[in-house]
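Since the structure comes first, as structure tokens, the remarks are kept for the end.
Positions are given from 1, in the same order as the sequence printed here. Atoms within each ligand, like the ligands themselves, are counted from 1 in listed order.
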Amino acid sequence: MAKVNVETVKTESHGLFAPLAQDLNSSDAFLSEAGKILIKFHGSYEQTNREKRGAAEKEYSFMVRSKLPGGQLTAAQYLAHDRIADEFANGSIRLTTRQGIQFHGVIKQDLRETVRALNHALVTTFGACGDVVRNVMCCPAPTADPQRRAVQDIATVLSDATLPKTKAYHQIWIEGKSIIDDEAEPEPLYGKTYLPRKFKMAIAFPGDNCVDIYTQDLGLVALFDAANHHIGFNVLAGGGMGMTHNDEDTFPRLADVVGFIQPQYALEVTHAVVGIHRDFGDRANRKHARLKYIIHDRGLDWFKHELQSRLSFTLQPAHPMPEFTLQDHLGWHEQFDAAGHWYVGIPIASGRIVDTQTVQLRTALRRIVAEFDTPVRITGQQNIILADIAPHQKEAIEQILQTHNVLTVDQLSQVRRFALACVALPTCPLAITEAERAMPALLDTFEDALESLGLLGEPINVRVTGCPNGCARPYTAEVAYVGRSLNKYAIFLGGSPTSTRLAQPYQDLVPFNELVTRLKGPLTRFRDERLSGEAFGDFCHRVGVGNLS
Ligand code: SRM
Ligand code: SF4
């Protein structure tokens with residue numbers, strides 16, 4: 001099949017409408033090549049079951065992704081996702097590393113009803129994928145502090161302001177239109193060709209890097225004065241994870257600190273940085289089309305100058321960057337509101353909410369959210385937070401979790417607590433190896449190794465991806481396993497425990513069953529030679545990853 005050009009498809013789509021709208025009315029189980037590109041902007045990917053490849057007929061289905069700024073949902077919205085999982089998807093809900101929710105296994109005939117059901121619950125999938133601003137991340141901790149709440153609200157403001165203006169989403173999914181009968185809405189931010197590639201942004205709170213701020217195209221670090229007033233943001237730009245093995249022109253990169261802005265300029269700076277990506281991104285080579293390559297190729301000074309030329313105010317020098325930790329918000333925490341509410345963070349292995357014979361995780365969460373009407377937050381570590389819990393409800397909630405065998409954070413080892421894995425097989429078309437599905441066995445082996453070395457209490461963060469695209473942000477982890485070829489991985493070590501430094505390549509083409517044994521040497525040296533309180537990633541970095549074998 002002839003390969004279609006993404007830029008041409010965008011230009012000719014009449015505002016992301018055609019030929020997707022027509023494709024949806026055909027009886028085929030799949031979309032045209034152009035339709036496949038366009039549906040991403042609407043929050044969905046066409047996929048085939050990788051395990052059934054080679055069968056006479058491919059099994060087509062769709063992944064559908066909700067866009068949830070700051071990972072925030074009402075109880076009713078969570079319950080709508082829970083219902084859709086059974087009605088239209090494969091019975092599971094998948095929390096993502098960007099605080100979104102994915103469904104897998106939706107067939108084409110059910111796509112419209114799925115999107116409509118989400119819209120009915122006031123959730124959009126628009127812009128969850130595609131060459132636009134993706135889900136805006138923000139630290140989700142539901143503390144009552146009004147200053148923090150105000151910053152969390154900015155995530156929603158930025159998300160709404162960067163949605164494409166085209167009416168195609170409403171026309172296709174809600175009105176069911178398939179004929180173009182009006183002018184496409186102008187797109188002041190995006191233009192006819194939208195962005196050259198995806199664009200990701202996040203807001204972090206000082207001291208808490210739960211959104212992996214240095215990996216974002218645009219990062220805003222909220223800063224507060226001694227009286228806890230929100231004084232503005234340090235602006236970071238040019239982070240990104242994706243790379244291709246054996247292609248030196250592609251690489252993970254940490255964002256640079258660009259300057260400081262007052263709170264009222266968050267939207268203006270967002271538009272300006274997105275505009276630079278739109279105008280200077282590489283439209284000839286999608287692998288080279290992220291903002292990080294513009295800054296790498298043209299230099300930070302050029303970027304700052306270009307940014308300043310697009311702003312109505314003077315960009316100030318950055319304030320000292322706060323020391324980061326990585327708060328996963330798991331366990332019970334007070335919200336410090338007048339009602340004395342609590343919130344609880346519940347660990348979800350690789351973000352997959354599903355009932356199995358032994359653990360009825362989905363049922364437990366559904367019961368709690370329905371009975372106690374708890375607002376829901378999704379974290380950037382693929383976990384869930386249930387909020388607004390009255391002190392007298394805590395015991396009943398604990399009881400429901402226990403009845404359904406759901407593990408709470410105190411029952412997890414530190415390594416399991418901080419582990420992340422991308423979706424990979426069987427749905428992801430780009431997966432080279434397993435990730436999510438292999439994680440339980442890998443962590444069992446990892447825990448055994450740590451226990452034998454007396455290191456089980458160490459909070460080492462391990463991230464696994466089925467390919468080098470980096471969906472679980474492996475390159476900022478202390479230990480990263482990145483799918484390399486059939487059943488073989490590249491190992492990276494030496495990221496910081498707070499995700500503020502890139503890990504370095506350690507060993508390549510390591511078979512799955514050697515992933516932990518290959519770390520025995522470094523872990524033993526860590527045990528014997530570490531400085532007091534030193535984390536594993538910091539130890540590897542200090543000694544030098546190249547000196548660790
Ligand atoms: Fe991702 C492509 C899953 C976060 C970098 N990512 C994909 C696709 C859509 C595969 C595809 O193109 O067909 C995966 C769908 C698999 C499936 O079956 O569900 C996929 N990415 C995910 C999720 C679900 C992983 C997860 O386990 O949670 C995350 C969804 C986030 C969301 O709600 O929006 C997800 N992806 C990320 C992140 C992490 C982040 O954004 O914080 C990254 C690295 C950061 C970055 O973008 O630099 C990431 N995904 C990629 C890339 C590489 C982009 C690049 O610059 O080269 C691809 C490949 C592509 O876009 O062509 C990709
Ligand atoms: Fe798929 Fe690769 Fe992303 Fe994993 S890292 S979900 S294998 S694209």
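- Near Gln382, with a cut-off below 4.0 Å to any heavy atom, the atoms of ligand 1 are 26 (C), 27 (O), 28 (O).
- Among the atoms of Thr215, none of the N or O lies under 3.5 angstrom from an N or O of ligand 1.
- When Lys67, Arg197, Gln99, Lys287 are checked for heavy-atom proximity to atom 57 (O) of ligand 1, Arg197 turns out nearest.
- Protein heavy atom closest to atom 5 (C) of ligand 1, with residue, atom name and distance, is Asn469 O, 3.3 Å.
- Of the protein's non-hydrogen atoms, Tyr45 CE2, 3.4 Å is the one closest to atom 11 (C) of ligand 1.
- His277 pairs with exactly one of Phe303, Tyr194, Phe199 by the ring-ring contact (aromatic ring centres under 6.0 Å, His included) rule, that one being Phe199.
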Practice prompt. For the pair Arg290 and Lys198, evaluate side-chain contact (heavy atoms from CB on, under 4.5 Å) and give the outcome as yes or no after the intermediate values.
Written response: CA-CA 7 Å; Arg290 297 293 295 269; Lys198 58 183 85 171; 3.5 Å; yes

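- Checked for salt-bridge contact, Glu59 and Lys108 miss the test: no charged N lies under 4.0 Å from a carboxylate O.
- Defined by atom type and a distance below 3.5 Å, a donor-acceptor pair is missing between the side-chain atoms of Thr244 and Asp247.
- Of all the atoms in ligand 1, the ones that sit under 4.0 Å from a non-hydrogen atom of Cys422 are 27 (O).
- Of all atoms in ligand 1, numbered sequentially from 1 with element shown, those under 4.0 Å from a heavy atom of Gly470 are 38 (C), 43 (C), 44 (C).
- Protein heavy atom in closest approach to atom 6 (N) of ligand 1: Cys471 SG, 3.1 Å.
- Near Gly466, the atoms of ligand 2 lying under 4.0 angstrom from a non-hydrogen atom of the residue are 4 (Fe), 7 (S).
- Scanning the protein for heavy atoms near atom 1 (Fe) of ligand 2, the closest one is Cys428 SG, 2.3 Å.
- Regarding atom 10 (C) of ligand 1, its nearest protein heavy-atom neighbour is Cys428 SG, 3.7 Å.
- The distance from ligand 1 to the heavy atoms of Gly242 drops below 4.0 Å at these ligand atoms: 48 (O), 55 (C), 57 (O).
- With 3.5 Å as the limit, one finds a donor-acceptor pair spanning the side chains of Glu447 and Ser413.
- Protein heavy atom at the shortest distance from atom 3 (C) of ligand 1 is Arg65 NH2, 3.7 Å.
- A salt bridge does not link Asp131 with Arg197: none of the charged nitrogens is closer than 4.0 Å to a carboxylate oxygen.
- The aromatic rings of His288 and Tyr293 sit parallel to each other, their planes meeting at less than 30°, with 60° as the upper class boundary.
- Taking the six-membered ring where tryptophan is involved, the planes of Trp302 and Phe280 are perpendicular, since the angle between them exceeds 60° and thus also 30°.
- Residue contact check: Ala421 has heavy atoms under 4.0 Å from atoms 27 (O) of ligand 1.
- No side-chain donor from either of Asn209 and Ser499 sits under 3.5 Å from a side-chain acceptor of the other.
- With Tyr343 as the aromatic partner, Arg377 does not meet the cation-pi criteria of under 6.0 angstrom to the ring centre and within 45 degrees of the ring axis.
- In the model, His81 has a side-chain atom that pairs as donor or acceptor with a side-chain atom of Ser66 under 3.5 Å.
- Looking from atom 2 (Fe) of ligand 2 to the surrounding protein, the closest heavy atom is Cys467 SG, 2.3 Å.
- Comparing Met137, Met241, Lys200 by heavy-atom distance to atom 47 (O) of ligand 1, the nearest is Lys200.
- Close approach of ligand 1 to Arg94 is summarised as follows: ligand atoms under 4.0 Å from at least one heavy atom of the residue are 26 (C), 27 (O), 28 (O).
- Residue-ligand proximity, Ala431 to ligand 2, at heavy-atom distances under 4.0 Å covers atoms 7 (S).
- On a distance-only criterion, Thr97 and ligand 1 share at least one N/O pair closer than 3.5 Å.
- Counting heavy atoms closer than 4.0 Å to ligand 1, residue Leu430 contributes side-chain atoms (C-beta onward) but none from N, CA, C or O.
- Counting heavy atoms under 4.0 Å from ligand 1, residue Pro429 touches it through the side chain alone.
- Ring geometry, Phe126 versus His42: the interplanar angle falls from 30° to 60°, so the pair is classed tilted.
- Close approach to Gly240 involves these atoms of ligand 1, each under 4.0 Å from a residue heavy atom: 48 (O).
- At a cut-off of 2.8 Å, Cys422 coordinates atom 4 (Fe) of ligand 2 through an N, O or S atom.
- When Cys471, Ala421, Gly242 are ranked by how near their heavy atoms come to atom 3 (Fe) of ligand 2, first place goes to Cys471.
- With His104, His288, Lys198 as candidates, the residue nearest to atom 51 (C) of ligand 1 on a non-hydrogen basis is Lys198.
- Annotation for ligand 1: atoms under 4.0 Å from non-hydrogen atoms of Thr427 are 17 (C), 18 (O).
- Taking all heavy atoms of Arg473, Gln102, Arg290, Gln47 into account, the minimum distance to atom 46 (C) of ligand 1 is reached by Arg290.
- Counting only N and O atoms by type, the side chains of Tyr169 and Thr125 include a donor and acceptor under 3.5 Å apart.
- Aromatic ring centroids of Phe88 and Phe103 lie 6.0 Å or more apart.
- Inspection of the Glu248 and Thr250 side chains reveals no N or O donor paired with an N or O acceptor under 3.5 Å.
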